[in-house]
Q: 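Quick one: structure below, then a few questions.
Whatever order the structure lists them in is the order used to number ligands and atoms, beginning at 1.
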Amino acid sequence: MKKKIFVALDFNSLDKAIDTSKKIKNEIAGVKIGTELYTICGSEGLREIKDLGLEIFLDLKLHDIPNQVKKTVAAIASLKSVNYLTVHTSGDYEMLKAAKDAAGNSIELLGVTVLTSQSNIQTLGIKNSIKDQIKLLANLAVKAEISGVISSAQDISLIRSVSQKLKIFCPGIRSGEDNQDQKRVMSYANFSKIADDKTFAVIGRPIIEGDPVQNIKK
Ligand code: C5P
């Protein structure tokens with residue numbers, strides 16, 4: 001079966017990230033490097049992790065004016081270490097298109113829709129329900145021709161109603177343990193029943209805290 005899990009290496013140390021990656025690399029599709037680890041290890045660290053033979057998902061969640069996003073995506077593309085990069089779909093079409101122009105075919109862009117830690121967007125003045133907002137943002141991703149979106153596993157069928165082609169990466173995977181700051185969650189068992197070929201799980205703390213080898217088996 002195709003490997004389905006991207007592990008979030010949410011560490012403040014490159015050594016810890018490499019050690020964990022080596023232990024589980026045969027069980028996973030790739031690793032996700034977020035703002036914390038990237039701040040510590042920079043592009044050199046990305047290269048070291050890439051050399052382990054894993055796909056790299058750089059989760060910088062870019063959200064800025066189009067020109068700045070375009071230049072940042074071009075800089076990341078020039079590193080030649082990154083397979084997937086996140087941008088916020090709420091940056092709107094022009095920003096997404098600028099990102100796509102810079103990424104070309106060298107990086108796959110993934111658009112964050114509504115964070116899995118958010119369960120109330122009315123506090124932001126957004127009148128749409130979460131589902132309607134996700135649909136709107138997924139449509140923007142399609143229009144800008146980016147590769148995929150980040151969304152809760154609870155939204156997989158909604159996103160598939162928008163597009164059969166988008167890749168879907170799902171954080172907020174929890175199997176009965178503490179949900180921590182995640183709100184719109186699903187267990188890995190239920191996720192794997194509904195995930196198609198283009199749908200992946202993004203899992204951090206349930207794997208990296210404690211023994212990652214045992215946690216992956218669980
Ligand atoms: O530890 P946990 O499994 O909650 O980690 C989820 C990871 O996915 C974190 O690295 C977080 O930054 C990321 N993420 C998320 N929700 C999004 C996009 C990314 O939780 N919408």
Q: Answer yes if the side chains of Q182 and S117 hold a donor-acceptor pair under 3.5 Å, and no otherwise.
A: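 Side chains of Q182 and S117: no pair found under 3.5 Å.
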
Q: For D196 and T199, run side chain to side chain donor-acceptor pair (under 3.5 Å): C-alpha distance rounded to whole Å, both residues' side-chain angles, the deciding distance at 0.1 Å, then the answer.
A: CA-CA 5 Å; D196 59 26; T199 302; 2.7 Å; yes

Q: Please work out, at 4.0 Å between heavy atoms, whether the side chain, the backbone, both, or neither of I150 comes within that distance of ligand 1.
A: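 The side chain, only.
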
Q: For ligand 1 and G204, I'd like to know whether there is a polar contact (N/O to N/O, distance under 3.5 Å).
A: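 Indeed, backbone or side chain, G204 has an N or O that close.
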
Q: Just checking, K143 and Y93: is the charged tip under 6.0 Å from the six-membered ring centre and within 45° of the axis?
A: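 Relative to the ring axis of Y93, which defines the angle, K143 lies inside both limits.
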
Q: For atom 11 (C) of ligand 1, which protein heavy atom lies nearest, and how many Å away is it?
A: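 Ranked first by proximity to atom 11 (C) of ligand 1 is K32 NZ, 3.8 Å.
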
Q: Is the contact between D59 and ligand 1 made by the side chain, the backbone, both, or neither, using heavy atoms and a 4.0 Å cut-off?
A: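 It is the side chain that touches ligand 1; the backbone stays farther off.
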
Q: Which residue supplies the protein heavy atom nearest to atom 9 (C) of ligand 1, what is that atom called, and how far is it?
A: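 Checked against all protein heavy atoms, atom 9 (C) of ligand 1 sits closest to D10 OD2, 3.4 Å.
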
Q: I'd like to know whether ligand 1 has P206 as a neighbour, heavy-atom separation below 4.0 Å.
A: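 Checking ligand 1 against P206, which is what was asked, there is a heavy-atom contact under 4.0 Å.
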
Q: Evaluate side chain to side chain donor-acceptor pair (under 3.5 Å) for N83 paired with K50, printing each intermediate quantity in order.
A: CA-CA 10 Å; N83 302 92; K50 176 89 175 163; 3.0 Å; yes

Q: If you have a sec, work out which protein heavy atom is nearest atom 2 (P) of ligand 1 and how many Å separate them, to one decimal?
A: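 The closest one turns out to be R174 NH2, 3.5 Å.
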
Q: Are any of the heavy atoms in K61 under 4.0 Å away from ligand 1?
A: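 Yes, K61 has a heavy atom closer than 4.0 Å to ligand 1.
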
Q: Below 6.0 angstrom between ring centroids: does that apply to F200 and F57?
A: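 No, ring centres 6.0 Å or more apart.
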
Q: Would you kindly specify which portion of Q180 sits under 4.0 Å from ligand 1, judged on non-hydrogen atoms: side chain, backbone, both or neither?
A: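 For Q180, there is no contact with ligand 1 at all, from either part.
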
Q: For Q182, which part has a heavy atom under 4.0 Å from ligand 1: side chain, backbone, both, or neither?
A: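 Within the 4.0 Å criterion, Q182 contacts ligand 1 through side-chain atoms alone.
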
Q: Closer than 4.0 Å to some heavy atom of R205 - which atoms of ligand 1 meet that?
A: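 Those of ligand 1 that fall under 4.0 Å from R205 are 1 (O), 2 (P), 3 (O), 4 (O).
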
Q: State, with a plain yes or no, whether a side-chain heavy atom of K32 is found less than 4.5 Å away from one of Y84.
A: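 They are not in side-chain contact.
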
